[in-house]
Colleague: 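Before anything else, here's the structure in question.
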Amino acid sequence: MQMHSLSFDVSHTLAGSLVLISFMMLYQDRLYSLLNVFALHALVLALSVAWQAYIQNAPHLYITAAIALVFKAMVIPFALHRIVRQLGIHRDIEAAVGVGHAGRDGTGRPLHGADAAGHRRGRPAGA
């Protein structure tokens, strides 16, 4: 019974870490730091998949974890770092929209879309 609880705890910790790192990516304003957090996300994803392969006794998932580790955590970030360095944009800051606005817009648009869909069917908003 103790190992069963530990496996759930580790799974939930890895899943929570993925969500946290996803939010960390939203707050990065420099390309290098964004690519580093992207690689960290891929590493935690590979660990999560490998953990599921272990606890579910599913060896095919080890292949998925290895692909995520090699390509998403190493090859892609390395190649993107190289491209950013060659283009000379490693010090550029993306100053488009703040995270607060993007989060508000990201949650508001689906709600507005559902509201508009109700009007098209002849129902008033909120009904």
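Predicted model only: the values in this text are computed from it and were never measured.
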Colleague: Can you tell me how far the CG atom of N36 sits from the CG atom of L31, to the nearest 0.5 Å?
Modeller: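 Between atom CG of N36 and atom CG of L31 there are 11.0 Å.
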Colleague: Can you list, pair by pair, the side-chain donor-acceptor contacts under 3.5 Å of residues 66-79, counting residues two or more places apart and other chains?
Modeller:
residue: K72; atom: NZ; partner: H41; partner atom: ND1; Å: 3.4

Colleague: In Å and rounded to the nearest 0.5 Å, what is the OG to CG distance from S48 to L43?
Modeller: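 Going from OG on S48 over to CG on L43, the span is 11.0 Å.
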Colleague: List the residues meeting side-chain contact (heavy atoms from CB on, under 4.5 Å) with Q56, not counting sequence neighbours, and say none if there are none.
Modeller: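 So Q56 forms a side-chain contact (heavy atoms from CB on, under 4.5 Å) with Q52, A58, L61.
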Colleague: Who are the ring-ring contact (aromatic ring centres under 6.0 Å, His included) partners of Y32, not counting sequence neighbours?
Modeller: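 With neighbours one apart ignored, the set is H81, H90.
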Colleague: Could you give the distance from OG (S17) to CG (L40), rounded to the nearest 0.5 Å?
Modeller: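 So the OG of S17 and the CG of L40 are separated by 9.0 Å.
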Colleague: My understanding is that only residues two or more places apart in sequence, or in another chain, count here; which of them pass side-chain hydrogen bond (donor to acceptor under 3.5 Å, both in side chains) with T13?
Modeller: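 In terms of side-chain hydrogen bond (donor to acceptor under 3.5 Å, both in side chains), with neighbours along the sequence ignored, T13 is linked to no residue.
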Colleague: Nearest 0.5 angstrom please: Y27 OH to L34 CG, how far?
Modeller: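 Between Y27 OH and L34 CG, I get 14.5 Å after rounding to 0.5 Å.
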Colleague: A side-chain contact here means heavy atoms from C-beta on lying under 4.5 Å apart; do Y54 and S7 qualify?
Modeller: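 The answer is no, as the side chains (C-beta and beyond) never meet within the 4.5 Å cut-off.
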Colleague: Distance from I89 atom CD1 to R30 atom CZ, nearest 0.5 Å?
Modeller: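 Here the interatomic distance stands at 12.5 Å.
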Colleague: Mind checking the CG-CD1 spacing from L14 to I21? Nearest 0.5 Å is all I need.
Modeller: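 The distance works out to 9.5 Å.
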